[in-house]
Amino acid sequence: MKKRVAIFISGGGSNMVRLVEDMADPDHPATPVLVLANDADAGGLAKAADMGVPTAVVDHRPFKGDRRSFEDAIQSELDKVQPDLLCLAGFMRVLTEGFVAPWDGRMLNIHPSLLPKYKGLHTHARALEAGDHEHGCTVHLVTPALDDGPILGQARVPVQPGDTADTLAARVLEQEHRLYPAVLRRFAAGETAPLYL
Ligand code: GAR
């Protein structure tokens, strides 16, 4: 039985697209059942619909800081499709312990840094400011602490002379597109040993 996957996005959803494309393989151990965004303008929603994946929007703004109600609304959408796994893919809202704890061990996130370095935002600029020679991305299990949790995979990217945050971000994103599908495929098949690309 394939694992049912819900993918959370906030924007363009390029990582989501790669995950869905990979799951189109009949031999893939997972299948996408929902793409959920916290913004009706998220560009990834139309891409998901084009690929035949059901979509839902839970706009965080009407909840005005009432994270519990926001998360209850998300959980209601999930209850309709009964996913086994959640993949955060450029989802830019922090989820609290009340939401995260019941999904312990079943929620993945991709973060654009070599964790534990550069949790949070502006990861590419921070790597450049630090003078790092390499940067990259990490897929990890989500725990209540931000950008924490056991690492499931990492891909490294050399920093090149003249890199800006944008050029570095673009090269990291290419690696995200390799890493996340590879990790999800393994994870859905029960493999939790980290993958290093
Ligand atoms: C990706 O680089 C992802 O790693 C990052 O947002 C981008 C989303 O791109 N996520 C975070 O910063 C999470 N805090 P996408 O919408 O094209 O997949």
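Computed from a prediction, not measured in an experiment: that's the story for all the values here. In each ligand, atom 1 is the first atom listed, and ligand 1 is the first ligand listed. Values reported hereafter were calculated over all heavy atoms of this structure, with side chains retained and with hydrogens, waters and symmetry mates removed.
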Fit a plane to each ring of His60 and Phe70, take the angle between them on a 0 to 90° scale, and name the class: parallel (under 30°), tilted (30 to 60°) or perpendicular (over 60°). perpendicular

ask   = Under 3.5 Å, side chain of Arg18 to main-chain N/O of Leu179, donor-acceptor pair present?
value = no

Note: ligand 1 atoms sitting under 4.0 Å from heavy atoms of Gly90 are 6 (O), 8 (C), 10 (N)

Discussion item. With a 4.0 Å cut-off on heavy atoms, is Ile9 in contact with ligand 1?
Written reply: no

| message | I want to know if ligand 1 touches Gly13 in the polar sense, i.e. an N/O pair below 3.5 angstrom. | response | yes

Quick check: Ser14 and ligand 1, any N/O pair under 3.5 Å apart? yes

A student comparing His177, Gln175, Glu176 should find that the heavy atom closest to atom 2 (O) of ligand 1 comes from Glu176

closest protein heavy atom to atom 13 (C) of ligand 1 is Met92 SD, 3.7 Å

| request: May I ask you to check whether His111 and His140 place their ring centers less than 6.0 Å from one another? | output: no

Note: heavy atom closest to atom 12 (O) of ligand 1, options Cys137, Pro112, Ala37, Ala89, belongs to Pro112

query: In terms of side-chain geometry, is the basic nitrogen of Glu129 or Arg126 positioned less than 4.0 Å from the acidic oxygen of its partner?
result: no

* **Evaluation steps, salt bridge (charged side-chain N to carboxylate O under 4.0 Å, His left out), between Glu174 and Arg171** => CA-CA 5 Å; Glu174 283 175 21; Arg171 292 209 314 288; over 6 Å; no

- Message: As a quick check of understanding, evaluate side-chain hydrogen bond (donor to acceptor under 3.5 Å, both in side chains) for Asp39 and Ser10, giving each step before the final call.
- Response: CA-CA 6 Å; Asp39 183 346; Ser10 293; over 6 Å; no

Q.
Regarding ligand 1, does Asn15 bring an N or O atom to under 3.5 Å of one of the ligand's N or O atoms?
A. yes

